[in-house]
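Heads up: numbering here begins at 1 and tracks the sequence.
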Amino acid sequence: MQHPAPSSAPASSPAVGDFASVARGHTLGDLLRRSAARLPDKPAIRCGATAWTYREFDVVVNRLANGLAAGQAGLPVGAGDRVAVLSRNSHTFAAIRFALARLGAVLVPINFMLNADEVAYILRHSQARLLAVGPDMVSLGESAAARDTAVEKIVWLDGEDPADKPGALVGFDQLLAATTQAPAVALDSRMLAQIIYTSGTESLPKGAMLTHEAVCWEYVSCVVEGEIAEADTLLHALPLYHCAQLDVFLGPAVYVGASSVITGKPTPDNILSLLAADRINSFFAPPSIWIALLRSPAFDATDLSALRKGYYGAAIMPVAVLKEIAQRLPQIRLWNFYGQTEIAPLATVLKPEDQMRKAGSAGRAVLNVETRVVDDAMQDVRIGEIGEIVHRSPQLLTGYFNDPERTAASFEGGWFHSGDLAVIDDEGYITVVDRKKDMIKTGGENVASREVEEAVYRLDGVSEVAVIGLPHPYWIEAVTACVVVKAGQALSEEQVIAHCRSQLATFKSPKKVVFVDALPKNPSGKILKRELRNRFEDLLKDLPAENR
């Protein structure tokens, strides 16, 4: 692809709107333009064989925005239009993200692990008219779009590896206009930037509406609290459709002018190879991926000496794994980032100096977030008591798309209700104990599955564990541990239960242990406990009396 001369800011003319508003512009598209002006020749994006400097990235984004606005996708795209993206990570995913921002259009990223009916639900609910698909998502996208959705056109996004485009689809290069200047569109930071659908681990996905302003405030929190810097080279291996990789790492990296390596193949061998080859110094992954890297036969032979900043989220890192990382990667500093889609998504951080001192904690509220742990009457809980995490922040969603009832419920009392249960200590550090719906009620007692999981992780031979409540004729819900055993080791149900009883009260200890080859997860690394409950829901219903 040929890259023309650097772009310039939109021409000031009465058609653009109020001059003061234009001069004060601070939207996602502005962030890239400013980095390109400061650092035009700095490497910005590398994905497969494609590499863009900030100047080139900015030009590609302008050309794409102008092409979309002119209808080169088969229909014109303008402010407020929803555009869905169903794709693995790629340079083109990054480009369309910023191109839509420059048009005032709304990004709707879709989980590519969903089936056609689930994708169709999001397309239908968001009322997206244009769908952009990656090379291996064409069939899924076409099947979903045909199921009573508003989608009129499907376009092709180039992927990490070369692939042949179906002749019927408009390709990425065909979407690029010749015009290299930014489109002259009147934008406001309060405009909607994206609708990101919740993972749906508990119910039908909800479309969280996030403005440019909310996302930009969140980027500031990420840069300050996570020490994301211009000198960083970040690896983006977790899916960009998820707000963690998109808006905690890729967006802030562009904001400060860091370099980004993008891959759509989050396998341990590929991640390790890229960490070494690109001298990556900053990497994010959920605990499950960190564990997979540690277990890889290639780990000890890989040069990870450049890796200095490590981030995790989606789940608490087991203490045993924290200790293993400290031993095998002594140069690395770790951050635990906690939040949810609705807060764009960073809410609290546990910093490197607190990883062992406050092991298991989600830390304290980040710069632009105010967080409390409250009871049902919205009163702060006492130290050590369980309550719900609530937030106030300019990072928050404006509401759920086309869902006023759930919007109103989420903001009851003037705080956003996260649905996460936690305790808070005398220093203000928050420890998440469960989702409200994951609290196990066994024999009239409440058991936080996270506490049981932490105990199981202290047993040698355990690779991963998820604790759920299963229907039981006596206990109503029985504490059940689903355990993945480390390769080459063996464990019995009796060993696991005896170990837990040495660590926990009897009522908290598992009544049943199920050994599985792997735990079901979504692409962001969250364990899908709903699937485990569905898989094993009849396991304990007909137990004989002696086993109760």
Side-chain angles (χ1 to χ4, degrees), residues 6-40 42 44 54-55 57-66 68-69 77-83 94-107 179-196 208-225 228-230 243 246-248 250-258 343-344 346 366-370 392-399:
S7 65
S8 61
S12 293
S13 67
V16 174
D18 175 70
F19 289 145
S21 296
V22 173
R24 297 183 67 252
H26 189 65
T27 64
L28 293 171
D30 294 319
L31 305 186
L32 171 57
R33 188 183 70 252
R34 290 168 186 155
S35 289
R38 293 193 321 271
L39 305 161
K42 172 90 182 289
Y54 269 99
R55 176 193 289 112
F57 186 23
D58 189 47
V59 168
V60 168
V61 165
N62 281 344
R63 294 181 64 196
L64 179 57
N66 287 316
L68 290 170
V77 175
D81 289 337
R82 272 81 67 192
V83 176
I96 199 169
R97 191 274 192 280
F98 284 96
L100 295 176
R102 286 195 172 157
L103 293 174
V106 181
L107 172 71
T179 308
T180 62
Q181 289 193 330
V185 178
L187 300 178
D188 186 289
S189 63
R190 293 166 295 180
M191 293 175 69
L192 191 58
Q194 58 207 40
I195 302 174
I196 298 191
M209 298 187 292
L210 292 156
T211 63
H212 289 261
E213 182 178 56
V215 178
C216 286
W217 277 118
E218 192 263 353
Y219 286 5
V220 173
S221 293
C222 296
V223 169
V224 171
E225 305 288 3
I228 298 171
E230 179 185 316
C243 53
L246 181 69
D247 288 323
V248 179
L250 179 63
V254 171
Y255 191 3
V256 301
I343 201 163
L346 182 62
V366 298
L367 180 67
N368 292 318
V369 176
E370 182 182 359
R392 278 180 175 168
S393 173
Q395 301 174 192
L396 282 164
L397 77 168
T398 57

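Taking CZ of Arg24 as the reference point, atom CG of Asp188 lies at 9.0 Å (rounded to 0.5 Å). Atom OH of Tyr54 sits about 7.5 Å away from atom CG of Leu32, to the nearest 0.5 Å. Put simply, CG on Leu246 and CG on Leu107 are 6.5 Å apart, with the number rounded to the nearest 0.5 Å. Summarising the geometry, atom CG belonging to Leu250 is positioned 11.5 Å from atom SG belonging to Cys222; distances are rounded to the nearest 0.5 Å.
Of all non-hydrogen atoms in Ile343 and Ser393, the two that sit nearest each other are CD1-CB, 4.0 Å. Contact detail for Gly257 and Arg38: the closest heavy-atom pair is N-NH2, 3.9 Å. Taking each heavy atom of Phe57 and Val254 in turn, the nearest pair found is CE2-CG2, 4.2 Å. Leu396 and Leu210 get closest at one heavy-atom pair: C-CD2, 4.1 Å. Of all non-hydrogen atoms in Arg33 and Asp30, the two that sit nearest each other are NH1-OD1, 2.8 Å. Between Ala101 and Leu187, the closest heavy-atom pair is O-CD1, 3.6 Å.
You'll find the side chain of Leu100 stays beyond 4.5 Å of the side chain of Val106, heavy atoms only. No side-chain heavy atom of Arg55 sits under 4.5 Å from any side-chain heavy atom of Lys42. A heavy-atom distance below 4.5 Å is found between the side chains of Cys216 and Leu31.
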(Q) Walk me through whether Arg34 and His26 qualify under side chain to side chain contact (heavy atoms under 4.5 Å, CB included). (A) CA-CA 10 Å; Arg34 290 168 186 155; His26 189 65; 2.9 Å; yes

Q: Starting from the C-alpha separation in whole Å, work towards a yes-or-no answer on side chain to side chain contact (heavy atoms under 4.5 Å, CB included) for Phe98 and Leu64.
A: CA-CA 9 Å; Phe98 284 96; Leu64 179 57; over 6 Å; no

Q: Go through Gln395 and Ser221 one step at a time and tell me if the side chain to side chain donor-acceptor pair (under 3.5 Å) criterion holds.
A: CA-CA 9 Å; Gln395 301 174 192; Ser221 293; 2.6 Å; yes

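Ionic pairing of Asp58 and Arg102 is present here: one or more N-O contacts between side-chain nitrogen and carboxylate oxygen are shorter than 4.0 angstrom.
One N or O on the side chain of Asn66 and one on the backbone of Gln181 form a donor-acceptor pair closer than 3.5 Å. Although no hydrogens or angles enter the test, the distance criterion places no donor-acceptor pair under 3.5 Å between the side chain of Ser189 and the main chain of Thr27. Here the side chain of Asn62 pairs no donor or acceptor atom with the backbone of Val59 at under 3.5 angstrom.
Applying the side chain to side chain donor-acceptor pair (under 3.5 Å) test to residues at least two apart or on different chains, the pairs with a partner in residues 209-220 are Tyr219-Asp247.
In terms of the side-chain contact (heavy atoms from CB on, under 4.5 Å) criterion, residue partners of Ala258 (sequence neighbours excluded) are, by chain and number, Asp232, Leu234, Ala253, Val256.
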